[in-house]
Amino acid sequence: MLEGTDIILIHQLLGRYGHAIDHRQWDAFAALFVPEASIDYAGGTGTVVRNGRDDIVAWFRELATSHPPAHHVTNIVVDESADPAGPVAVHSKFIAPFTREEHHPKRLYGGDYHDVVVKTADGWRFAHKQCVPRWNMAVAIDHDVPQHRRTY
């Protein structure tokens with residue numbers, strides 16, 4: 001059974017994921033994954049699977065200019081009955097605004113994350129991350145608002 005502190009630290013891991021991508025802090029992003037981690041991302045270009053932390057980080061770096069400017073994770077549910085010595089399942093929802101100049105159409109994009117996290121000597125880390133898109137919604141942009149305020 002997980003301690004409350006572990007659940008909070010797992011929530012922190014999910015928060016750090018979004019902040020590291022949003023700020024293009026690739027070393028901090030890499031530190032969130034175990035070396036043998038994997039991702040399974042479905043999206044507009046089909047399913048992308050990457051194995052190993054280095055390949056995961058390289059793929060996200062490659063997408064940096066087309067990626068949304070902000071990532072929001074909510075409705076985080078940690079399997080509190082899991083053994084802290086083993087893998088722990090975490091499910092959450094995400095919302096990502098595609099509001100940069102190069103994004104056409106401007107839209108909100110959302111879905112589910114299905115993660116597996118493990119406790120390491122350095123804290124909780126992702127062993128596997130799956131992104132399942134569920135919806136897209138076009139948005140109108142008020143062009144009288146300064147560019148730096150056109151995101152969420």
Side-chain angles (χ1 to χ4, degrees), residues 1-44 47-100 102-103 106-137 139 145 147-152:
M1 185 125 191
L2 291 177
E3 299 277 332
T5 303
D6 287 318
I7 294 170
I8 291 169
L9 292 172
I10 291 168
H11 277 241
Q12 291 286 86
L13 175 67
L14 274 69
R16 286 188 178 102
Y17 172 87
H19 285 286
I21 291 175
D22 293 348
H23 297 290
R24 308 324 191 231
Q25 295 171 332
W26 302 119
D27 290 340
F29 182 73
L32 302 175
F33 294 86
V34 296
E36 65 279 3
S38 60
I39 62 167
D40 176 356
Y41 268 59
T47 298
V48 173
V49 174
R50 293 289 185 267
N51 294 298
R53 178 174 49 207
D54 292 342
D55 285 343
I56 292 168
V57 174
W59 184 66
F60 276 94
R61 276 182 190 258
E62 188 180 304
L63 295 177
T65 58
S66 63
H67 226 259
H71 294 74
H72 305 280
V73 179
T74 186
N75 298 23
I76 301 168
V77 178
V78 178
D79 177 7
E80 68 263 12
S81 67
D83 180 347
V88 175
V90 183
H91 300 288
S92 59
K93 304 267 184 205
F94 72 87
I95 300 169
F98 281 79
T99 54
R100 292 178 186 225
E102 64 272 14
H103 294 145
K106 307 292 187 242
R107 67 194 193 282
L108 296 176
Y109 174 67
D112 299 315
Y113 284 139
H114 302 287
D115 299 324
V116 176
V117 300
V118 294
K119 193 170 191 177
T120 72
D122 296 318
W124 288 95
R125 299 295 185 258
F126 292 106
H128 181 72
K129 186 162 198 61
Q130 181 185 33
C131 175
V132 180
R134 299 275 183 219
W135 55 272
N136 265 303
M137 181 174 63
V139 297
V145 174
Q147 177 64 33
H148 71 280
R149 301 291 297 165
R150 296 184 195 170
T151 191
Y152 301 92

If you look at every heavy atom in [X] and [Y], which pair is closest and at what distance?
X	Y	result
Ala96	Pro68	CB-CG, 3.6 Å
Val57	Phe29	CG2-CD2, 3.9 Å
Ala70	His72	CB-NE2, 3.8 Å
Asp122	Arg125	O-NH2, 2.8 Å
Asn51	Asp55	O-OD2, 3.2 Å
Trp124	Pro84	CH2-O, 3.9 Å

Below 30° counts as parallel, above 60° as perpendicular, anything between as tilted: where do the rings of Tyr113 and Tyr17 land?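 Perpendicular.
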Phe60 vs Trp26 aromatic rings, parallel, tilted or perpendicular, using cut-offs 30° and 60°?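 If you compare the ring of Phe60 with that of Trp26, the planes turn out tilted.
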The test is side chain to side chain contact (heavy atoms under 4.5 Å, CB included); show your working for Ile10 and Leu2 and say whether it passes. CA-CA 11 Å; Ile10 291 168; Leu2 291 177; 4.2 Å; yes
Inter-residue atom distance [X].[atom1] - [Y].[atom2], 0.5 Å rounding:
X	Y	atom1	atom2	value
Glu36	His128	CD	NE2	13.0 Å
Ile7	Glu80	CD1	CD	5.5 Å
Lys129	Ser38	NZ	OG	11.5 Å
His19	Gln25	NE2	CD	10.0 Å
Leu14	Thr74	CG	OG1	11.0 Å
Arg53	Leu32	CZ	CG	10.0 Å

How about Pro97 and Leu108: do any of their side-chain heavy atoms sit closer than 4.5 Å?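 Pro97 reaches Leu108 side chain to side chain.
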For residues Ile39 and Trp59, determine if any side-chain heavy atom of one lies less than 4.5 Å from a side-chain heavy atom of the other.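 Yes, their side chains come closer than 4.5 Å.
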For Lys119, give me all partners under salt bridge (charged side-chain N to carboxylate O under 4.0 Å, His left out), at least two apart in sequence or on another chain.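 So Lys119 forms a salt bridge (charged side-chain N to carboxylate O under 4.0 Å, His left out) with Asp6.
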For Asp79, salt bridge (charged side-chain N to carboxylate O under 4.0 Å, His left out) partners two or more places apart: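 Partners of Asp79 by the salt bridge (charged side-chain N to carboxylate O under 4.0 Å, His left out) criterion come out as none, since no residue qualifies.
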Could you go through the side chain to side chain contact (heavy atoms under 4.5 Å, CB included) check for Phe33 and Asp54 one step at a time? CA-CA 10 Å; Phe33 294 86; Asp54 292 342; over 6 Å; no
Stepwise side chain to side chain contact (heavy atoms under 4.5 Å, CB included) test for Leu9 and Thr5: CA-CA 6 Å; Leu9 292 172; Thr5 303; 4.0 Å; yes
Are any side-chain N or O atoms of Asp22 and backbone N or O atoms of His71, one a donor and one an acceptor, separated by less than 3.5 Å?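 Yes.
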Expected output: side-chain Asp83 to main-chain Ala85 donor-acceptor under 3.5 Å: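 A pair under 3.5 Å: yes.
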The test is side chain to side chain contact (heavy atoms under 4.5 Å, CB included); show your working for Phe98 and Asn136 and say whether it passes. CA-CA 10 Å; Phe98 281 79; Asn136 265 303; 5.7 Å; no
